[in-house]
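Here, residue 1 is the first one in the sequence, and each next residue gets the next number. Counting starts at 1 for both ligands and their atoms, following the listed order.
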Amino acid sequence: MNLDGLDGFTVEVPSWAYGNSGTRFKVFTSPGVPRNPYEKIADAAQVHRLTGLAPRVSLHIPWDAVDDWADLRAHAEKLGVRIGAINSNLFQDDDYRLGSLCHPDPVVRDKAVQHHLRCLEIMRETGSTDLKIWLPDGLNYPGQDSLRGRQDRLGESLRRVYDELGADQRILLEYKFFEPYFYTMDIPDWGTSLLHCLALGERATVVLDTGHHAPGTNIEFIVMQLLRQGRLGAFDFNSRFYADDDLIVGAADPFQLFRIMSEIVAGGAHRPESRVNFMLDQCHNIEEKLPGQIRSVLNVEQALAKALLIDQSALATAQRDGDVLGANEILMAAYETDVRGTLADRREARGLPRDPVAAFKASGYAAAVATDRVGGTQAGWGA
Ligand code: LRH
Ligand code: MN
């Protein structure tokens, strides 16, 4: 089984997955949860130490705000990881009730633009290249505002941010079909995000969050189309049964994750030089957070490993010959292949534990941080 295609493949983990999270009904807490970005990064570094797959940690501003970014950067690098994408936050300020980059009032739009310029400064200090913008703007009632006017204002605001990008920096523009607004979001789908990216320039690319589509959406088709345009910048991987559930990637629909990875392999986008950033965007509301993160990066690697086993030349022949079932069978054969043993062998060959979750449990790390992290305020939603 040749899985050399996994060489150099990495997954970026989100700082907020290590903090408390929940729903509007309840945010659960648990002992040892990080209280600051330093402790979040320390937890994330454990995932990389045990899997060798997660060398970057995404941060969210202001959730992860610190006084000394260079010191936080040094802290991360001392632990063997580095700071990845910087996420802006336009969804926790009263001024943004009617929108941020799309708001009718230029004063509010300017405030939102300035927030992104501040994120660019932070990126220069942390060595990050990716500014991730999820636009939470939207409307709840028809007629509430001009759909077209908001798009025009959005274009102008994004242009002001894009023009301040440093030479090695890029924008990752994330769409979402509903929530926190319910009549329309201002970037509800991949097409709208792509149109804004094309209007901005080549350093604007699309983020595909697997939880941000209408039920039944063929997500791998969108992956193929964005790759065809050279505008797939990143994934926010998670899984869902109904809405933006942010569950462990591959947990709800491992076959969908495999189909997505099949399009990634077909486009060669699993190779580091593609610059597609494979990120997680999840919340572990009830399960242990670190084992949940370890499981998640292993699920992504497993789906990619299966996709790498697709016999591409036999598939091309079957497709050319119109052999419908034959072509499907070739894909299913790869999907049905159990790659777990070979992946454990690969880890062992790299000095990593065959079973990272078991190794984490045996490390005593969870008990140690539960003892150490007493006092202060646990990080997380609503903290
Ligand atoms: C919005 C989103 C976005 C992040 C947030 C934590 O639903 O997917 O990527 O800012 O989750
Ligand atoms: Mn997301």
Can you name the atoms of ligand 1, numbered from 1 with element, that are less than 4.0 Å from a heavy atom of D236?
9 (O)
Of all N/O/S atoms in D209, which lies nearest to the Mn ion (ligand 2)?
OD2
Parallel, tilted or perpendicular, as decided by the 30° and 60° cut-offs, for the rings of F237 and F235
parallel
Below 3.5 Å, N or O to N or O, backbone or side chain included: is there any such pair between D246 and ligand 1?
no
K176: numbered ligand 1 atoms lying under 4.0 Å from its heavy atoms
7 (O)
For ligand 1, which atoms have a heavy atom of D244 less than 4.0 angstrom away?
7 (O)
What distance separates E164 CD from L117 CG, expressed to the nearest 0.5 Å?
5.5 Å
Atom of D281 nearest the Mn ion (ligand 2) (restricted to N/O/S, atom name only):
OD2
Can you name the atoms of ligand 1, numbered from 1 with element, that are less than 4.0 Å from a heavy atom of K132?
9 (O)
Less than 6.0 Å separating the ring centroids of H48 and F360?
no
Find out whether the Lys NZ or Arg CZ of K40 is both under 6.0 angstrom from the six-membered ring centre of Y18 and within 45° of the ring's axis.
no
Linking I/L/V/M/F/W/Y whenever any side-chain heavy atoms sit under 4.5 Å apart, do V57 and V369 land together?
yes
The Mn ion (ligand 2) has as its nearest N, O or S atom from E174 the atom OE2
Is the closest N or O pair between H212 and ligand 1 shorter than 3.5 Å?
yes
Under 3.5 Å side-chain donor-acceptor pair for R49 and Q46
yes
Number the atoms of ligand 1 from 1 as they appear, then name those within less than 4.0 Å of a heavy atom of D209, with their elements.
8 (O)
Under 6.0 Å from the ring centre and within 45 degrees of the ring axis: does the NZ or CZ of K306 meet both conditions for the six-membered ring of F255?
no
When the ring centroid of F91 is compared with that of W134, is the distance short of 6.0 Å?
yes
Do any of the N/O/S atoms of D246, backbone or side chain, fall under 2.8 Å from the Mn ion (ligand 2)?
no
Counting distance only, does the side-chain N/O of N238 pair as donor-acceptor with the main-chain N or O of D281 below 3.5 Å?
yes
In D236, the N, O or S atom nearest to the Mn ion (ligand 2) is which?
OD2
Purely on distance, is any nitrogen or oxygen of N87 under 3.5 Å from one on ligand 1?
no
Is any N, O or S atom of D244 under 2.8 Å away from the Mn ion (ligand 2)?
no
